[in-house]
Amino acid sequence: MTFTLILEQTFNGLQAGVTLFLVAAGLTLILGIMDFVFLAHGSQVMIGAYAAAAITQASGNFYLGVLLAIPVTFASGYLLEFLIIRHLYRRDHMEQVLATFGLILFFNEAIRVSFGPAALFSDLPHSLSGFVEILPATPYPAYRLGVIIVGLLCAVGIHLLVSRTRIGAMVRAGANNPEMTAALGINIKTLFRLIFATGACLAGVAGMMLGPLTAVQSGMGEPLLILSLVVIIIGGIGSVRGAFVAAIIVGLVDTLGRVFLPSILRLFVEQATADGAGPALASMLVYILMAVVLIFRPTGLFPAKG
Amino acid sequence: MSGLSQFLALAGDGIKANRLLWLLIGGFAVFPIFTHFADLPFWNDVAMRIMLLGMAAMGLNLVLGYGGMVSFGHAAFIGIGAYCVGIGEFYGLTNGWAHILLGMIVCGLMGLIIGYLALRTSGIYFIMITLAFAQMLFFLFVSLEQFGGDDGMSIDRAEFGLIDLYDPLRLYFLIWVALALVGLGLMFIVRSRFGVTLRAIKSNESRIEAMGLEPLRFKITGYVISAVICGLAGVLFANWQEYVSPDIMHWTRSGELMIIIILGGLGTLAGPLLGAIVFLLLEESLPMLLGAVAPAYAENWMILFGPLLIMVVLFGRGGLVGLIATRNQSTSNQKRGKAGQ
């Protein structure tokens with residue numbers, strides 16, 4: 001367990017964290033402002049990843065793929081809100097769960113029909129496939145570093161948008177009290193649709209960036225969806241700041257836990273038990289974290305309301 | 001004797017009030033006769049799956065429909081029940097009655113712990129924390145390599161004394177008896193003082209509190225009962241499937257259970273069973289239907305199923321039971337109207 005390994009895994013955790021944040025940022029506003037349980041947010045990740053991979057394959061240019069996929073995901077989110085989601089705001093949570101579950105089934109199957117069941121693999125462009133020395137003699141993949149930087153830039157951008165602009169003030173007001181915001185003459189329907197499309201777009205960006213790191217396949221968004229729900233609950237529903245802090249915590253805990261928990265356990269119990277229990281405990285770690293947070297702070301770390 | 005006659009009178013009242021439920025359960029009792037003469041043994045298998053999922057959904061409905069607690073993690077209890085069989089056999093416990101007892105006790109305890117912790121929250125937070133607990137258990141079983149991990153473990157059908165489960169009909173009727181008992185039990189629970197209080201908590205929790213009752217206690221009790229029912233379904237599920245893997249408690253199955261309930265009718269006794277029938281018949285028939293129109297896409301039936309679910313939410317309020325009830329009402333209204341003319 002060298003210092004290099006710890007540093008490398010911390011960076012991996014950061015990369016997982018900022019990716020999670022991109023998915024969770026939109027979702028926390030959808031849950032918080034619209035009080036809408038949107039389970040198909042993982043499908044937006046998948047749509048983004050497929051759009052980028054398909055355009056990259058067709059054009060042969062990675063950057064073009066990423067650039068063109070952004071408007072595609074924005075449009076898909078906008079259309080989805082217009083066609084289906086806006087009819088569901090007034091329904092109870094259970095019906096929202098059911099309908100968006102139906103959306104997941106549809107999107108996963110539609111992708112399977114149009115792209116086939118096999119996973120797509122997109123190669124990295126030459127300029128991003130090398131290594132960067134983050135410390136002397138500590139190389140780190142350039143692409144992962146790029147993901148961290150893009151994720152952090154997005155986070156700063158979202159933070160400025162929410163805390164410094166007029167639209168951001170409307171969003172914050174909406175998270176705090178949607179009825180009163182509407183009563184003040186703010187067109188909450190348009191606001192909803194824009195948040196929804198922007199959220200879809202951010203999830204799509206996460207998908208695009210994950211594409212070269214993982215397999216692009218049908219159903220790839222669901223594990224991310226579940227994890228980002230955990231992030232949102234820990235951070236407090238409706239709070240972008242909470243989502244960021246929680247995403248980084250979850251990303252680090254999950255990554256570092258998987259790598260180091262078995263060896264840490266070995267210090268306390270005998271090796272066979274540690275090897276058996278380590279991976280089990282590591283994969284449960286984030287859920288244990290969430291349960292503990294909820295037991296002591298039932299509305300998350302940074303509640304948006306009240 | 002008066003106790004027994006009182007019980008019978010109560011049961012009779014309940015059966016009269018829930019005719020649809022007992023019609024369905026009765027239908028399952030005679031279904032094997034039909035499949036025997038029509039020579040369709042495959043459909044016995046489908047019927048068993050319907051009864052098992054219906055049973056679990058009936059259990060979940062106690063908290064979801066009657067108690068208004070949207071639990072998104074009940075598949076975990078099915079999984080715990082199923083693993084009680086698998087792990088029990090692993091350690092040499094082959095008696096099926098013992099599995100049932102073990103499964104129900106373990107699920108009851110887990111339900112108590114999870115319910116106690118999760119019921120401190122409400123709304124979306126409750127949905128998510130129940131999901132989190134289910135995920136925790138899912139990953140626990142994925143990583144338990146000695147019990148098969150990701151691949152799961154195969155199971156010998158348990159010994160139930162004189163009942164040899166390798167005779168498909170005996171397995172069928174064991175499941176049927178369990179279903180009928182669950183139906184009977186839930187019927188009494190829903191009509192009891194406890195059931196009425198649970199429904200009252202759903203509609204106005206603070207008023208119940210003001211009346212001097214402690215809502216949390218009722219909610220946890222309901223949660224434990226529903227967990228135990230799902231555990232029973234899980235034990236039988238493992239015997240039916242002769243195999244158990246973490247897949248049985250995947251979060252999509254919790255979603256499936258909710259779909260079944262909403263499809264059939266929330267907070268009704270017959271709803272979950274009716275929902276299970278329709279859900280699984282769709283699952284069986286959509287591939288065939290799609291295969292007849294576009295053979296290449298037969299396995300992509302979910303592309304129809306997903307939008308169908310959305311349609312159910314958008315246009316079908318009250319589920320199938322609601323649909324049947326309003327039709328009956330409107331026909332009887334029509335009759336009354338005609339008599340009046």
Chemist: Checking Phe21(A) against Val240(A) for the side chain to side chain contact (heavy atoms under 4.5 Å, CB included) test, could you report, in this order, the C-alpha distance in whole Å, the side-chain angles of both residues, the deciding distance, and whether it holds?
Modeler: CA-CA 9 Å; Phe21(A) 170 70; Val240(A) 176; 4.0 Å; yes
Chemist: Can you name the closest pair of heavy atoms from Gly59(B) and Ser226(B) and give their distance?
Modeler: O-CB, 2.8 Å
Chemist: Given a strict heavy-atom distance threshold of 4.5 Å, which part of Ile127(B) is in contact with chain A: side chain, backbone, both, or neither?
Modeler: side chain
Chemist: Which bit of Val230(A) comes within less than 4.5 Å of chain B, counting heavy atoms only: side chain, backbone, both or neither?
Modeler: neither
Chemist: Mind telling me whether Phe115(A) and Tyr50(A) have parallel, tilted or perpendicular rings, with 30° and 60° as the class edges?
Modeler: tilted
Chemist: Using non-hydrogen atoms and a 4.5 Å limit, figure out which bit of Phe141(B) sits close to chain A: side chain, backbone, both or neither.
Modeler: neither
Chemist: Hey, are His41(A) and Ser228(A) close enough side-chain-wise for a donor-acceptor pair under 3.5 Å?
Modeler: no
Chemist: Heavy atom to heavy atom, less than 4.5 Å: which residues from residues 198-205 of chain B reach chain A?
Modeler: none
Chemist: Give the member of Met290(A), Arg112(A), Glu222(A) that has the highest number of heavy-atom pairs under 4.5 Å with chain B.
Modeler: Met290(A)
Chemist: With respect to chain A, which residue among Gly255(B), Ala132(B), Ala118(B) yields the maximal number of heavy-atom pairs within a distance under 4.5 Å?
Modeler: Ala132(B)
Chemist: Say whether, by atom type as modelled, one donor and one acceptor occur between the side chain of Asn61(B) and the main chain of Gly267(B) under 3.5 angstrom.
Modeler: yes
Chemist: Can you name the salt bridge (Lys or Arg N to Asp or Glu O under 4.0 Å) partners of Glu179(A), sequence neighbours left out?
Modeler: none
Chemist: Step through it carefully: locate the ring centre of Phe38(A), locate the ring centre of Phe196(A), and say whether they are under 6.0 Å apart.
Modeler: yes
Chemist: Start with the C-alpha gap between Leu289(A) and Ile249(A), add the side-chain angles, then the distance that decides, and say whether side chain to side chain contact (heavy atoms under 4.5 Å, CB included) holds.
Modeler: CA-CA 10 Å; Leu289(A) 181 71; Ile249(A) 293 176; 3.8 Å; yes
Chemist: Using every non-hydrogen atom in the two residues, find where Leu257(B) and Ala75(B) come nearest and quote the distance to one decimal.
Modeler: CD1-N, 4.4 Å
Chemist: Checking the side chain of Thr28(A) only, and the main-chain atoms of Ala25(A) only, is there a donor and an acceptor separated by less than 3.5 Å?
Modeler: no
Chemist: List the steps, then state whether side chain to side chain contact (heavy atoms under 4.5 Å, CB included) holds for Ile229(B) with Ile225(B).
Modeler: CA-CA 6 Å; Ile229(B) 293 173; Ile225(B) 294 172; 4.1 Å; yes
Chemist: Measuring centre to centre across the rings, with the benzene-like ring taken for any Trp, is Tyr287(A) within less than 6.0 Å of Phe133(B)?
Modeler: no
Chemist: Met258(B) versus chain A, heavy atoms under 4.5 Å apart: side chain, backbone, both or neither?
Modeler: side chain
Chemist: Can you say whether Met94(A) sits under 4.5 Å from chain B via the side chain, the backbone, both, or neither, judging by heavy atoms?
Modeler: both
Chemist: Evaluate the side-chain proximity of Ile111(A) to Phe106(A): yes if any heavy-atom separation is below 4.5 Å, no if none is.
Modeler: no
Chemist: Quick check: under 4.5 Å, non-hydrogen atoms only, which of residues 81-89 of chain A neighbour chain B?
Modeler: Ile84(A), His87(A), Leu88(A)
Chemist: May I ask you to name which of Ile226(A), Val97(A), Leu39(A) has the most heavy-atom pairs under 4.5 Å with chain B?
Modeler: Ile226(A)
Chemist: Is any side-chain N of the basic residue among Glu283(B) and Arg49(B) closer than 4.0 Å to the acidic one's carboxylate O?
Modeler: yes
Chemist: List the steps and the verdict of side chain to side chain contact (heavy atoms under 4.5 Å, CB included) for Val286(A) and Gln135(B).
Modeler: CA-CA 10 Å; Val286(A) 288; Gln135(B) 287 293 104; over 6 Å; no
Chemist: Given heavy-atom pairs under 4.5 angstrom as the criterion, report whether the side chain, backbone, both or neither of Ile104(A) touches chain B.
Modeler: side chain
Chemist: Strictly less than 4.5 Å between heavy atoms, which residues of residues 76-84 of chain B line up against chain A? Please order them by number.
Modeler: none
Chemist: Which distance, rounded to the nearest 0.5 Å, do you find between the CZ of Arg253(B) and the CD1 of Ile259(B)?
Modeler: 12.0 Å
Chemist: Rounded to the nearest 0.5 Å, what separates atom CG in Leu53(B) from atom CZ in Phe279(B)?
Modeler: 7.5 Å
Chemist: Can you say whether Phe72(B) sits under 4.5 Å from chain A via the side chain, the backbone, both, or neither, judging by heavy atoms?
Modeler: side chain
Chemist: Under a 4.5 Å heavy-atom cut-off, does chain B meet the side chain of Leu103(A), its backbone, both or neither?
Modeler: both
Chemist: Non-hydrogen atoms of chain A under 4.5 Å away: do they reach the side chain of Leu304(B), the backbone, both or neither?
Modeler: neither
Chemist: If we only count heavy atoms from C-beta on, is the Pro298(A) to Tyr125(B) side-chain gap below 4.5 Å?
Modeler: no
Chemist: Gly242(A) and Ser239(A): which non-hydrogen atoms are nearest, and at how many Å?
Modeler: N-OG, 2.8 Å
Chemist: Under a 4.5 Å heavy-atom cutoff, which of Ile129(B), Thr121(B), Val70(B) has the most pairs with chain A?
Modeler: Ile129(B)
